[in-house]
Amino acid sequence: MNVFSWFRDRIIAEVTGLALTGKLPAGLDTARIGVEPPRDPSHGDLACNAAMVLAGAARRKPRELAVLLAQRLLAVEGVATAEVAGPGFINLRLTPEFWHARLVDILKAGAAYGDSVLGARQPINVEYVSANPTGPLHVGHGRGAVVGDALAGLLRKAGFAVTREYYVNDAGGQVDALARSLRLRWLIAAGAEPADAFARAQAEGTVQYGGDYLVPVAEALWQQDGERWLAAPEEQWLPAFRGFAIESMMRLIRDDLAALGIHFDVIASERALVEQGGVDAALHLLEDRGLIYEGVLEPPKGKLPDDWEPRPQVLFRATGYGDETDRPLQKSDGSWTYFAADIAYHLDKFRRGFPVMIDVWGADHGGYVKRMQAAVQAITEGCGALDVKLCQLVNLLDGGEPVRMSKRAGTFVTLREVVDRVGRDVFRFIMLTRKNDAPLDFDFQKVTEQTRDNPVFYVQYAHARCSSVMRHALAELGGKTVSDEVLAGASLGCLTDSGEIDLIKQLAAWPRLVESAALVHEPHRIAFYLQEVAQAFHGLWTRGKENAQLRFIHLDDLQLTAARLALVRATQIVVASGLAVIGVEPVEELR
RNA sequence: GCGCCCGUAGCUCAGUGGAUAGAGCAACUGCCUUCUAAGCAGUAGGUCGCAGGUUCGAGUCCUGCCGGGCGCGCCA
């Protein structure tokens with residue numbers, strides 16, 4: 001139950017009721033009515049702007065309208081007080097019984113607490129990582145991977161039918177360059193080139209992918225095919241090496257992602273799309289709509305690229321859809337640009353049944369957002385929507401000192417190294433402690449410390465403390481008295497302390513948080529929310545340290561104990577539920 | 001030069017058009033015979049980059065400036 005939308009519906013019903021009795025005009029627009037937690041908790045549990053929003057159309061003063069509504073709301077079940085404040089807010093305070101009932105909701109729903117029907121099973125495609133299959137993933141990819149995966153989990157929680165998708169760029173010049181790099185490694189493995197040939201080629205800049213990760217790939221290919229490719233012409237070995245390299249790199253990448261607990265529903269191949277004629281088909285569609293023409297682009301304003309010269313190109317009329325300039329679709333060698341293939345790919349996604357698509361990209365691709373959105377508009381005739389989440393850089397630190405990274409010097413830190421060092425759960429949580437469009441510092445020392453300023457620890461510690469209390473209760477009272485079913489029937493009226501009620505309010509905010517975060521596509525809100533829940537729980541715990549009356553377990557008062565265990569168990573459920581959405585395993589104890 | 005993102009407490013950052021703008025860290029003051037003090041409570045700290053505009057109401061939306069990051073025809 002989303003407390004806020006539930007009361008919003010009640011308030012709208014009251015407005016309708018007042019209109020029926022003639023006390024308000026009929027047909028008022030209630031769309032802008034909102035019910036939110038007041039910024040200042042002393043104002044109450046809920047604040048509603050209905051009176052201010054309706055005042056104009058109703059030709060009444062906001063405060064006068066607010067008084068009218070507030071009187072009616074007092075009769076609604078669960079409402080303790082309804083006050084008019086400020087310019088015309090209606091502040092509602094809810095009864096303890098109402099909050100106690102939310103605890104029952106949580107205990108009955110378990111991990112499913114917060115599941116929403118907001119998405120109405122609407123299909124939505126989340127595409128993320130989509131790194132070129134040319135080497136191991138780096139930490140930046142890892143951020144996109146976590147943001148995409150957590151967003152997918154969040155949307156699923158909110159009731160959307162989510163597909164997790166990876167687009168493999170296995171068709172362009174990059175994978176040909178990969179094949180050539182592999183070829184040289186292979187010639188060395190075959191003994192046809194001296195061992196230092198690779199280093200020399202790198203110094204001359206004639207190979208692009210210099211990482212050691214191609215060495216075992218070359219050896220595997222040598223083991224598999226032997227001398228077969230030694231005398232073969234390039235048109236034969238290139239596709240073979242490319243295919244072998246791509247397959248090996250994708251295996252590597254999938255392993256890296258699996259280490260993060262990330263698995264995709266669909267892995268789409270650019271090459272397959274091109275070979276099946278998808279690009280031609282998509283461009284024909286645009287051509288039929290008169291959106292493709294041959295023309296010469298204006299040079300970019302200001303700084304002119306060194307080798308710029310006017311050149312006729314095949315262009316897409318992106319300017320018709322909000323882009324600054326029209327965009328090229330074909331390279332001078334006649335092959336399609338990446339953009340052309342990406343148009344076809346997004347059309348393919350749309351045709352597979354996804355009117356809503358989300359792409360998670362690195363911030364360095366920010367310049368492509370407008371053109372891609374323009375293309376989606378054009379090719380779906382306005383029926384498709386594309387949201388792009390750009391992820392900023394991750395700064396790797398160790399004890400506050402930047403970790404210097406250089407591909408050439410071999411000091412490059414891969415995603416896999418980081419995940420192996422700090423663990424999957426730590427990595428995932430930390431990646432969500434910033435908005436996707438803000439840069440993020442990742443400090444090896446800080447993220448594994450067990451201190452207050454490590455958010456992962458702080459949240460896990462709250463869960464572990466809940467688990468600890470439940471273990472003690474189980475040992476003292478036995479399984480039957482601490483089951484969720486029994487706790488849901490406890491005399492929750494015993495929970496009267498303000499810290500206890502505040503924690504319940506915090507827990508009851510989870511369904512609303514799921515819905516609002518899903519609507520704006522912002523999974524980081526979950527990590528922030530969990531820190532707030534943890535904070536409320538740690539506070540209550542410590543008060544029990546100081547005042548024995550507030551401790552959870554009282555063997556001389558089983559009724560009180562059951563009520564408090566219901567609160568502890570509900571906290572554990574909500575924290576675990578939140579962690580599950582972002583793919584983090586809750587811990588039972590800290591070591 | 002153009003486009004996108006960002007600018008909030010000393011530092012790192014939250015803040016879906018609502019009221020007196022929040023949290024953590026750092027600083028200062030307290031709290032451990034107890035279910036894990038690996039923690040908690042309190043004090044102090046602000047021209048929300050600047051200037052206009054829209055609105056009953058702007059940190060939030062619009063315009064212009066200032067400052068930082070990213071990108072800018074055949075790389076993906």
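Numbers restart at 1 for each chain; the letters A, B, ... are given by sequence-line order, proteins then strands.
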So, [X] versus [Y]: side-chain donor-acceptor pair below 3.5 Å or not?
X: A:D359; Y: A:H365; answer: no
X: A:S467; Y: A:Q572; answer: yes
X: A:Q208; Y: A:S181; answer: no
X: A:Y293; Y: A:Q313; answer: no
X: A:D453; Y: A:T451; answer: yes
X: A:R525; Y: A:Y529; answer: no
X: A:H538; Y: A:R465; answer: yes
X: A:N2; Y: A:E515; answer: yes

Item checked: All side-chain hydrogen bond (donor to acceptor under 3.5 Å, both in side chains) counterparts of A:H554, not counting sequence neighbours ->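 Residues passing side-chain hydrogen bond (donor to acceptor under 3.5 Å, both in side chains) with A:H554: A:R564.
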
Margin query: Holding to side-chain hydrogen bond (donor to acceptor under 3.5 Å, both in side chains), I want the full list of residues that pass it with A:D280, two or more places apart in sequence or in another chain.
Written below: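 Partners of A:D280 under the side-chain hydrogen bond (donor to acceptor under 3.5 Å, both in side chains) test: none.
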
Margin query: Syn if the chi torsion is within 90° of 0, anti otherwise; quick check, which is B:C62?
Written below: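 Chi for B:C62 falls in the anti range.
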
Atom [atom1] of [X] and atom [atom2] of [N]: how far apart are they, to the nearest Å?
X: A:E532; N: B:A23; atom1: CD; atom2: P; result: 10 Å
X: A:E64; N: B:C56; atom1: CD; atom2: C1'; result: 15 Å
X: A:R434; N: B:U12; atom1: CZ; atom2: P; result: 10 Å
X: A:Q572; N: B:C35; atom1: CD; atom2: P; result: 19 Å
X: A:R543; N: B:U36; atom1: CZ; atom2: P; result: 19 Å
X: A:E309; N: B:C74; atom1: CD; atom2: P; result: 14 Å
X: A:Y368; N: B:A76; atom1: OH; atom2: P; result: 9 Å
X: A:D453; N: B:A14; atom1: CG; atom2: C1'; result: 16 Å

For [X], salt bridge (charged side-chain N to carboxylate O under 4.0 Å, His left out) partners two or more places apart:
X: A:D342; answer: none
X: A:D9; answer: none
X: A:R434; answer: none

In whole Å, what separates the [atom1] atom of [N] from that of [M]?
N: B:G46; M: B:C11; atom1: C1'; value: 15 Å
N: B:C32; M: B:G68; atom1: C1'; value: 46 Å
N: B:A21; M: B:A9; atom1: C1'; value: 11 Å
N: B:G7; M: B:C13; atom1: P; value: 10 Å
N: B:G10; M: B:A44; atom1: C1'; value: 12 Å
N: B:A27; M: B:G45; atom1: C1'; value: 10 Å
N: B:U16; M: B:U34; atom1: C1'; value: 43 Å

Using a heavy-atom cut-off of under 4.0 Å over every strand shown, decide if [X] touches base, sugar-phosphate, or nothing.
X: A:F339; value: nothing
X: A:L590; value: base
X: A:P455; value: nothing
X: A:G539; value: sugar-phosphate
X: A:R311; value: base
X: A:Q330; value: nothing

Can you give me the N/O atom pairs linking the protein to nucleotides 18-22 of chain B at distances under 3.5 Å, or say none if there are none?
from, atom 1, to, atom 2, distance (Å)
B:A19, OP1, A:R39, NH1, 3.1
B:A19, OP2, A:R39, NE, 3.1
B:A19, OP2, A:R39, NH1, 3.2
B:A19, N6, A:N91, OD1, 2.5
B:A19, N1, A:N91, OD1, 3.3
B:A19, N1, A:N91, ND2, 2.9

Margin query: Looking at A:R32, I'd like to know if its CZ atom is crowded, meaning that more than 12 non-hydrogen atoms belonging to other residues, nucleotides or ligands lie closer than 6.0 Å.
Written below: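 Incorrect, the count does not exceed 12.
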
Check whether any side-chain N or O of [X] sits under 4.0 Å from OP1 or OP2 of [N], and answer yes or no.
X: A:Q531; N: B:G24; value: no
X: A:S468; N: B:C35; value: no
X: A:Y209; N: B:A76; value: no
X: A:R452; N: B:C40; value: yes

Next item on the list: Kindly point out which of B:G3, B:C13, B:G39 is positioned nearest to the side chain of A:T451?
Entry: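 Among B:G3, B:C13, B:G39, the one nearest the side chain of A:T451 is B:G39.
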
Margin query: Taking the minimum atom-to-atom distance to the side chain of A:H524, which one of B:G24, B:G15, B:C35 wins?
Written below: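 Of all the options, the side chain of A:H524 is nearest to B:G15.
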
Checklist line | For A:Q445, side-chain contact (heavy atoms from CB on, under 4.5 Å) partners two or more places apart | finding: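 A:Q445 satisfies side-chain contact (heavy atoms from CB on, under 4.5 Å) with A:D398, A:D443 only.
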
Margin query: Among residues at least two apart in sequence or on other chains, which ones pass side-chain contact (heavy atoms from CB on, under 4.5 Å) with A:E324?
Written below: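 Once residues adjacent in sequence are excluded, the partners of A:E324 under the side-chain contact (heavy atoms from CB on, under 4.5 Å) criterion are A:R327, A:K370.
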
Notebook entry, point to check: Given A:F552 and A:F537, is the ring pair (Phe, Tyr, Trp, His ring centres under 6.0 Å) satisfied, shown in steps?
Noted result: CA-CA 12 Å; A:F552 300 123; A:F537 183 75; 5.8 Å; yes

Next item on the list: Give the B/S/- string for nucleotides 28-34 of chain B, one per nucleotide from 5' to 3', where a protein heavy atom under 4.0 Å of the base yields B, of only the sugar-phosphate yields S, and otherwise -.
Entry: ---S--B

Next item on the list: May I ask you to list the residues of residues 54-62 of chain A, by number, that have any heavy atom positioned under 4.0 Å from an atom of RNA chain B?
Entry: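 Per residue number, the list is empty: none.
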
Check: Tell me, which stems hold RNA chain B, with a stem being 3 or more Watson-Crick or G-U pairs in a row and both distances under 3.5 Å?
Finding: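 Stem segments, range with range: B:1-7 with B:66-72, B:10-13 with B:22-25, B:27-31 with B:39-43, B:49-53 with B:61-65.
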
Next item on the list: Nearest 0.5 Å please: distance from the CG atom of A:L65 over to the CE atom of A:M52.
Entry: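 Separation between the atoms: 10.5 Å.
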
Margin query: Would A:R452 pass as a cation-pi partner of A:Y458, given that its NZ or CZ must be under 6.0 Å from the six-membered ring centre and within 45 degrees of the axis?
Written below: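 Here A:R452 passes the 6.0 Å and 45° test against A:Y458.
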
Shorter than 3.5 Å, N or O on both sides, protein versus nucleotides 5-11 of chain B: list them out with atom names.
from, atom 1, to, atom 2, distance (Å)
B:C6, OP1, A:D437, OD2, 3.4

